[in-house]
Amino acid sequence: MDGIRFTLNGREVVYDGSAADRLLDVLRDIYRCTSVKCGCKEGECGACSVLMDGVLYNSCCVAMGAVEGASVVTMEGFRETERFHVLEKAFGEVSAVQCGFCIPGMVLAAEALLSRNPHPTEDDIREGLSGNLCRCTGYNAIVNAVSIAAKEGDGLW
Amino acid sequence: MDRISESVVKKDHLPKVSGRSVYVADYPTEGVLFGKLLHGKVARAKVLDVDVPELPEGYFYVDARDVPGDNNVNIVLDDTPVFCRETVEYIGEPIAMLCGPDEKTVERLRDACVVHYEEQEPVLDIRTADHVFFDYHFGHGDVDKAFAEADKVYDEEFETGYQEQAYLEPQGMMAVPEEGGRMFVHGSAQCAYYVHGAVMRVLGCGPAGVHILQDVTGGGFGGKEAFPSILGCQVAVAAHKCGKPVRCVFDRREDMEYTSKRHPSLCRYRVAVKDGRVTAMDIDVKFNAGAYSTLSAVVLQRGIIASPGIYNVPNLRVHGSAVKTNTSPCGAYRGFGAPQTFFAVEMMMDHIARDLGVDSLPFKEAHLVKQGDATSTCGKYHFPVPIPAMIAEVDAECDYRAKRERYARPQTGRYRRGIGMSMYFHGAGFTGSGERDLIKAVAKLRKYADGTVEILASNGEIGQGVRTTFPKIVANELNLPLEKVYYDHPDTARVPDSGPTVASRSLMVVGELLRRAAIKLREQWIDGVEQEVEERFREPDFMIPFYIDKFQGDAYPTYAWAVNAIEVEVDTYTGITKILGAYGSFDVGTPIDYNVVLGQMEGGFLQGIGYASIEKMDYDAKGRIRNNSFSDYLIPTTKDVPNLKCMLHVEKYPDGPYGAKGAGELPLVGAPGAYVEAMEQALGGVRLHHAPFTAEDTLAVIAKEGL
Amino acid sequence: MVNGYAPDSLREALELRAKYDVVPYAGGTDLMVENRPGVTYLFLHKIPELRRITVDENYVRIGAAVTFTEALSDERVPQLMKEAVSRIAAPAIRNAGTFGGNLGNGSAKADSVLIEFVADARLRLVSLNGERIVAVEDFYLGRKKLDLHSDELIAEILLPRTGLERYSYQKVGGRNALAISRVSFAGVFSMENGRITNVAAAFGAVADTVLRYRDIEQMLIGKTFEEAKALKADYLKAYAQRMVLTRGRVSAEYRKNVCMNLLNDFLTKFGI
């Protein structure tokens, strides 16, 4: 039987396991993409957020069969981009990172938002990040960071 | 702003934001056994027997019989077992750990274990619980006389619920047997040396037989103060038996249901008032400790010391108790007993004020403590109390007094508004003489030949920024660029015990040791050679000695202060409350990095608002926690309090580094008082007595009062 | 692939559905939380017929595998549906979750299903033997019980094109995002020639299925404003008596109270 073909951070891969396996587990255990964090396995925290074909998903709620043919991007891939650099710098400038566990997912949620809406209002940012829980920051710094990144990275998205 | 307060990019920023940081679950799985706990399923029972399925080769069943040393986890008392004794005392108590190389197989084996119980009736209600773990009394003045002479006596009861820390990274620990027999335990934890002490005892070895590393830790908030000692012991025993590394990472439901939470409380306040002033308080504080005592003693101490609030109460009697129930043991959570009693006293003051026909704010102002006044334990407020200025700051930010007056008028229509205010302190550092007598912190600086300086201390980075703020202090004293000073995650094999990462103490206490050590190093500095300096804790000499048996003296050297205001709009059709704004002025002394401190205040304040409003957790008639997932236990999202404004007020503390005081816990403590007072106003001046105050509670009041 | 099929056509999907014991997978946000061991999924995301939104004379037809995010950016989807769908969880869940999945999960908390109830939506169910059109009310038999045969798939949701303009909608969750409905309410109102022609009211998340009482609605059909106002108290009383709510984390009393307030508000909003 054929495996599941998909692109992971720009690299073609074939997964031979079950189509019912969680993308989250496969990314972490098989492909060692440990930036993808497991916070709940119920789609309720966003720590496992990834991009599939540029769209934000909770990888805990995606079965491998739904990944066939898709292009999956995790922080391992996204961190090589210029847009990451702009976001990273903005997050650093306002110290938006505390414990860090939600942050890779949060940054990917910001990327998904800015790809769709390069000039978001504060409300847009709060909506775009609303599926990503953070227990440390109270969110203000994160929202500010995304706002700064949108300005500093004008034209990149 | 002082130069030291200027924000820098945090030292751990890049590895965290890029996903490179390695948390305990991120270590490679090769050669590591999965450990899964077999949790008890009944609240109180004798465990007669466990039918363990046949284990394939390489799989292990680990229980109390496998503990080489003492089957007790060293916390405050030693009543928490590593694996259960003959009984289970709460739903979730660890009976055994199943270990093996394949996760799903381990889970299957664990689920196939059949535990035979002889069930007993669990004790679940703290009103009737009769096993008292801790019982304290203190006070001053002549309370009975004040009550006898009072114009009026108020007698009310206040309740608060559980709060779950809800750190995003669940609990996880890993034990690795090293060559030569030493056990290496690492994971998500706040207090490497607590785990060290606990594992030593359980393995029956000396200090050199085990070492503990704190891994990158995805949030703690108190939840990883004592609990990692328990889990650390369990994986250490398992690794000892299996002879292989064992890792146990909790899933979210397991974590929410079985790990320590904030103590639910029941507080009764009797207050005597004469000529419009409070003359006495007679306070009874009861905390639900759960099945084992863990940290309840110290949580209760902090709670009762704070119980009269920041008001002058000439005659005071306080009784505090922590009682056993057959529920998950409660433990440390940011604020550590104080949020419960500050909620009660703030509501009590509000109710008395309104009964006297005045608003709560002027009534509280009239009773405020000031510099030189006595504390509840007959210590002294040695430093200025900046509350009046902070009230003015909050008022300026949100137009508090005008809104308070406006919303007090009768309201009609679907949406009703209210605003409320709380004011409070957080005693900085350990309660009483803990720093001097128990912790005795030691910190070191090691300068390498190339001129870089390493900080050697045991305080863990849990998001609060110590990997950045410690080096800032040292770099500042040594006039070095920040890149030259670094602070790694502590490993007990190479750092001294500078104490645990708790009690808002790290920066204030250990930061000051490091500042002094840096001065010492500067004075001895010789280029091109390796040098090491050490500093030890010294109690500030102004302190009035504290006696825990009498609860007398300075419980804390100084205090961080805060004023919070919260403005709400209630939908009377649904009970849903919109938070229009949350405003806080916080004095934690000099911020050793403005962004870091602001982030602590914002994050803590939002946790407090969650505690006050939507974070509801309770258990059913069998003692089972009902809210054990992120869909049932709701914490705030980006959209719940978009208008959250925190301001820093600086009242420097001369014995903290550059004037810094404890910061971490303060912002959480006062939210319930401000929120519920706002809800009272929106609900037409009703008197409320519990937190969290949920939408369901709100609608019940609306129905009852016909609003 | 192992434990799964990802057909490219509806025909192929129906053959697989008929032949094997498969669970249709359209989004996965509920299925993956359940995470049944040993399950074999039939992935529907590659089937063009199921991913389309089309419009005919009477209906907006939403394919079962259309995601909530896709519907939100489609101008043909009625505003009422968009309002409900925009409140589902958070972006990542809306990117994955689909209309067919929301129905197939069989929950009375499903936010899109509430709108289908109040809008008299119909469902097109297909199998190798053909198709049938059923009203959504008849499709939902109870909690997790659906009138869906083991060889059938939900193909489309048929939402009426007109008549949904005047509505009242409210989701009551525990917080402002990532919230599962504790109560959800949708009401649709229309009048012609001074008489009420539609006064549909549906309640989600309060019982085993979405609640809608056509016989009580009938009390007001054909009535003028004045007549309806005179009947309002009886109408509300009839609902209060009829609605028996299931117990949950949040008390039945609270939810009933909210339902009655929102129902009352619905009538008030349209002048009754």
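Just so we're on the same page: letters track the sequence lines, and every chain starts at 1.
In summary, of the residues considered (C:Leu164, C:Leu159, C:Leu114, C:Val60), a side chain to side chain contact (heavy atoms under 4.5 Å, CB included) with C:Met81 occurs for C:Leu159 alone.
Interface summary for chain A: among C:Gly38, C:Pro91, C:Gly28, the most heavy-atom pairs under 4.5 angstrom belong to C:Pro91. By number of non-hydrogen pairs under 4.5 angstrom with chain A, the leading residue of C:Ala92, C:Ala90, C:Ala177 is C:Ala92.
Contact check on A:Glu93 versus A:Lys151 returns no salt bridge, with no Lys/Arg side-chain nitrogen under 4.0 Å from an Asp/Glu carboxylate oxygen. By the 4.0 Å N-to-carboxylate-O rule, C:Asp111 lies too far from C:Arg87 to be salt-bridged with it. Contact check on A:Arg79 versus A:Glu88 returns no salt bridge, with no Lys/Arg side-chain nitrogen under 4.0 Å from an Asp/Glu carboxylate oxygen.
When heavy atoms are compared at a cutoff of 4.5 Å, C:Ile180 approaches chain A solely by way of its side chain, counted from C-beta outward. If you measure heavy-atom distances from A:Leu133 to chain C, the contacts under 4.5 Å come from the side chain alone. Heavy atoms of A:Cys60 lying under 4.5 Å from chain C belong exclusively to its backbone. Both the backbone and the side chain of A:Ser130 come within contact range of chain C, each with at least one heavy atom under 4.5 Å from a heavy atom of that chain. For a residue to count as touching a neighbouring chain, one of its non-hydrogen atoms must lie under 4.5 Å from one of that chain's; by this rule C:Arg36 does not touch chain A.
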Derivation and outcome, side chain to side chain donor-acceptor pair (under 3.5 Å), residues C:Glu253 and C:Ser251: CA-CA 5 Å; C:Glu253 190 187 358; C:Ser251 75; 4.9 Å; no
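Residue C:Val210 comes nearest to C:Ala202 through the heavy atom pair CG1-CB, 4.0 Å, listed as atom of the first residue, atom of the second, then distance.
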